Amino acid sequence: MKNIQNQFNLSKKRIIKSIFGLFSLSTMLFVFQACYGTPQDFGQDILLEGKVLSASSQEAIEGVEVRIHDLPQYTTTDAEGHFSIFCQRLDLYKMQFKDVDGEANGQFSDLDSTISIQAIEMSSQMLNILLQKK
């Protein structure tokens, strides 16, 4: 009889230990999420979009890499020369336009440009970029 009672006490201790461990884990995860959860930017982003054209013929240029300095994201223009890139709102953007496909669409000179965004209320900005042939 004592053996059965000891086994019951051990089982009871294991159950209590498991429940306590589960609550401890869930508490730790809650605190981690509360302290290190996803940051909220409250609308401080902007969509920069535009079209890259040849300065001489006004034709769209496909395959131009569009980068914003000091930001990790970049994009490439499509067949109509369109690009769009979503990034944090700044007053000035240092952008680089580079013909990465080379001979496929003609070779165009790289362009480094600084673009100023004046309208604070806007959530997107449309740009027209002209590239010169080499």
Side-chain angles (χ1 to χ4, degrees):
M1 184 72 153
K2 219 171 200 189
N3 193 16
I4 294 174
Q5 190 174 14
N6 284 339
Q7 286 180 346
F8 178 74
N9 286 338
L10 284 175
S11 295
K12 187 176 170 184
K13 286 181 183 180
R14 285 183 191 153
I15 291 172
I16 292 172
K17 195 177 192 181
S18 296
I19 291 173
F20 181 73
L22 179 66
F23 283 124
S24 297
L25 178 65
S26 62
T27 302
M28 182 186 73
L29 292 175
F30 175 76
V31 170
F32 181 79
Q33 187 274 335
C35 293
Y36 302 106
T38 57
Q40 303 297 319
D41 63 2
F42 302 107
Q44 297 300 317
D45 295 331
I46 189 168
L47 177 65
L48 296 176
E49 54 188 341
K51 191 170 188 176
V52 178
L53 304 169
S54 169
S56 59
S57 66
Q58 298 296 310
E59 292 181 10
I61 306 171
E62 180 180 6
V64 174
E65 183 179 271
V66 180
R67 284 190 177 272
I68 300 175
H69 292 288
D70 300 328
L71 295 178
Q73 64 262 49
Y74 69 93
T75 189
T76 305
T77 58
D78 62 11
E80 289 85 35
H82 289 110
F83 69 90
S84 63
I85 190 164
F86 197 70
C87 59
Q88 68 187 46
R89 183 184 301 273
L90 300 171
D91 293 332
L92 291 173
Y93 294 94
K94 293 180 181 180
M95 298 182 75
Q96 180 183 34
F97 301 89
K98 187 175 185 178
D99 185 12
V100 292
D101 66 356
E103 295 179 17
N105 294 313
Q107 292 193 354
F108 291 88
S109 297
D110 296 347
L111 175 67
D112 288 327
S113 180
T114 301
I115 297 169
S116 174
I117 305 297
Q118 300 297 327
I120 295 173
E121 298 300 318
M122 294 178 68
S123 61
S124 68
Q125 183 72 37
M126 191 68 167
L127 307 169
N128 286 321
I129 307 300
L130 300 174
L131 295 183
Q132 302 286 338
K133 282 201 173 203
K134 286 185 181 179

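What you are looking at is a predicted structure, and each value in this text was computed from that prediction instead of being measured.
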Closest contact, heavy atoms only, [X] versus [Y]:
{"X": "Val100", "Y": "Gly63", "value": "CG2-O, 3.1 Å"}
{"X": "Gln96", "Y": "His69", "value": "CB-NE2, 4.0 Å"}
{"X": "Cys87", "Y": "Ile68", "value": "SG-CD1, 3.6 Å"}
{"X": "Ala79", "Y": "Ala60", "value": "O-CB, 4.2 Å"}

task: Quick one: do Val64 and Phe108 satisfy side-chain contact (heavy atoms from CB on, under 4.5 Å)? Show the steps, please.
output: CA-CA 9 Å; Val64 174; Phe108 291 88; 5.9 Å; no
Tell me which donor-acceptor pairs under 3.5 Å the side chains of residues 15-25 have, and how far apart each pair is, sequence neighbours excluded?
from  : atom 1 : to    : atom 2 : distance (Å)
Ser18 : OG     : Arg14 : O      : 2.9
Ser24 : OG     : Phe20 : O      : 2.9

query: When clusters are formed from ILVMFWY side-chain contacts under 4.5 Å, directly or step by step, what else is grouped with Leu53?
result: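 Leu130, all in the cluster of Leu53.
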- prompt: Mind checking what makes salt bridge (Lys or Arg N to Asp or Glu O under 4.0 Å) contact with Glu65, not counting sequence neighbours?
  reply: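 With neighbours one apart ignored, the set is Arg67.
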query: More than 12 heavy atoms of other residues, nucleotides or ligands under 6.0 Å from CD of Glu59: is that the case?
result: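 No, the 6.0 Å shell around CD holds no more than 12 heavy atoms from other groups.
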task: Inspect the surroundings of NZ in Lys51 and state if more than 12 heavy atoms from other residues, nucleotides or ligands are less than 6.0 Å away.
output: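 Result for NZ/Lys51: enclosed.
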Name all residues meeting the side-chain contact (heavy atoms from CB on, under 4.5 Å) criterion together with [X]; count only those two or more places apart in sequence or in a different chain, and write none if there are none.
{"X": "Leu127", "value": "Phe83, Met95, Ile115, Gln125, Ile129"}
{"X": "Gln88", "value": "Asp45, Leu71, Leu90"}
{"X": "Ser84", "value": "Leu47, Glu49"}

message: How long is the straight-line distance from CG of Leu131 back to CD1 of Ile61, given to the nearest 0.5 Å?
response: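 Going from CD1 on Ile61 over to CG on Leu131, the span is 4.5 Å.
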task: Check step by step if side-chain contact (heavy atoms from CB on, under 4.5 Å) holds for Lys94 and Asp70.
output: CA-CA 8 Å; Lys94 293 180 181 180; Asp70 300 328; 5.7 Å; no
- request: State, with a plain yes or no, whether a side-chain heavy atom of Ile46 is found less than 4.5 Å away from one of Tyr93.
  value: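 Sidechains of Tyr93 and Ile46: in contact.
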